[in-house]
S.K.: 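First, the structure itself, so that you have it in front of you.
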Amino acid sequence: MPKFIPFQAQNLSAEESLKKALELEALMEKRRSIRLFSERPVAKELVQSLVRTASSAPSGAHKQPWTFCIISDPEIKQQIRQAAEKEEYESYSNRMSEEWLEALKPFGTNWEKPFLERAPYLIVIFKKSYDILPDGSRSKNYYVNESVGLAAGFLISAIHQAGLVTLTHTPSPMNFLQEILQRPKNEKPFLLLPIGYAAEGCEVPDLRRKSLDEVALYWEAD
Ligand code: IYR
């Protein structure tokens with residue numbers, strides 16, 4: 001028999017719920033992907049809290065099929081930067097289509113990734129398609145991409161709400177992360193997030209977000 005325990009509900013009034021939702025909306029609207037980091041240090045306990053929040057995300061059969069590699073060692077950051085830039089150089093020069101390069105123009109990105117050394121922390125999220133049990137046998141995980149994507153979303157949201165900035169970086173291919181970080185074969189790199197404070201005077205592309213009307217459809221009773 002599954003064991004069930006009482007849910008600790010927040011018990012907010014409708015007004016309180018709406019106020020909280022609107023405040024969160026206004027805060028999240030300020031989130032931007034940032035590539036220029038300040039050298040201002042970040043406390044390890046802060047990063048650990050952000051990762052605990054990320055790991056609270058829902059996951060298929062509650063398997064939590066993820067590992068968060070938390071990196072502040074400058075030597076490892078340098079190795080990651082070198083390997084990422086090698087792949088990115090190849091991608092920007094030969095692998096990405098003209099259409100893709102055109103789509104990226106507004107962001108001013110190129111193969112150089114100085115933020116991989118400059119940001120005080122890098123977090124590399126690995127997805128686990130299965131777990132290896134202590135006896136060496138395999139235990140299957142479910143909806144792994146969805147689950148790890150949700151955890152990444154929780155992490156990005158937590159980073160922003162703590163006043164820090166990040167960037168979803170996906171060097172491609174990224175198997176080099178598996179080697180540098182010596183992860184076992186059931187773990188595959190999913191996303192790399194540099195974390196820190198934004199550099200003073202840092203600028204971001206002048207983007208607009210889709211309005212609610214552009215992203216929402218309704219089915220309502222008459
Ligand atoms: N991975 C490359 C290219 C890149 C691709 C997309 I889609 C972006 O939104 C941004 C960059 C890079 O990191 O530069």
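As the structure is a computational prediction, the values presented were derived from the model and not from experiment. Remember, it's 1-based here, ligands and their atoms both numbered in the order they're listed. No hydrogens, no waters, no symmetry mates; every other heavy atom, side chains included, goes into these values.
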S.K.: Less than 3.5 Å between some nitrogen or oxygen of Trp100 and one of ligand 1, yes or no?
M.R.: no

S.K.: Around Tyr89, counting heavy atoms of other residues, nucleotides and ligands shown, do more than 12 lie under 6.0 Å from its OH?
M.R.: no

S.K.: Could you find the nearest protein heavy atom to atom 3 (C) of ligand 1 and give me its residue, atom name and distance?
M.R.: Tyr92 OH, 3.4 Å

S.K.: Should the pair Lys19-Glu23 be classified as a salt bridge under the 4.0 Å nitrogen-to-oxygen rule?
M.R.: yes

S.K.: May I ask which of Glu85, Glu112, Glu88 has a heavy atom nearer to atom 1 (N) of ligand 1 than the others do?
M.R.: Glu88

S.K.: Going by the atom numbers of ligand 1, which of them fall below 4.0 Å from some non-hydrogen atom of His169?
M.R.: 13 (O)

S.K.: Select one of side chain, backbone, both or neither to describe which atoms of Phe107 lie under 4.0 Å from any atom of ligand 1, heavy atoms only.
M.R.: neither

S.K.: How close do Phe68 and Ala151 get, heavy atom to heavy atom, and via which atoms?
M.R.: CZ-CB, 4.2 Å

S.K.: Is Arg118 positioned over the aromatic face of Phe37, cation under 6.0 angstrom from the ring centre and no more than 45 degrees off axis?
M.R.: no

S.K.: Look at Glu214 together with Arg208 and state whether they make a salt bridge at an N to O cut-off of under 4.0 Å.
M.R.: yes

S.K.: Please could you name the atoms of ligand 1 that Thr170 approaches to less than 4.0 Å, counting only its heavy atoms?
M.R.: 1 (N)

S.K.: Consider side chain to side chain contact (heavy atoms under 4.5 Å, CB included). Of Leu50, Val124, Thr166, which one does Leu193 pass it with?
M.R.: Thr166

S.K.: Judging by distance only, is a nitrogen or oxygen of Arg35 under 3.5 angstrom from one on ligand 1?
M.R.: no

S.K.: Under the criterion side chain to side chain contact (heavy atoms under 4.5 Å, CB included), which of Leu36, Ile34, Leu167 is the partner of Phe115?
M.R.: Leu167

S.K.: Any idea which atoms of ligand 1 are less than 4.0 Å away from a heavy-atom of Lys113?
M.R.: 12 (C), 13 (O), 14 (O)

S.K.: Name the closest protein heavy atom to atom 9 (O) of ligand 1, giving the residue it belongs to and the distance to 0.1 Å.
M.R.: Leu104 CD2, 3.7 Å

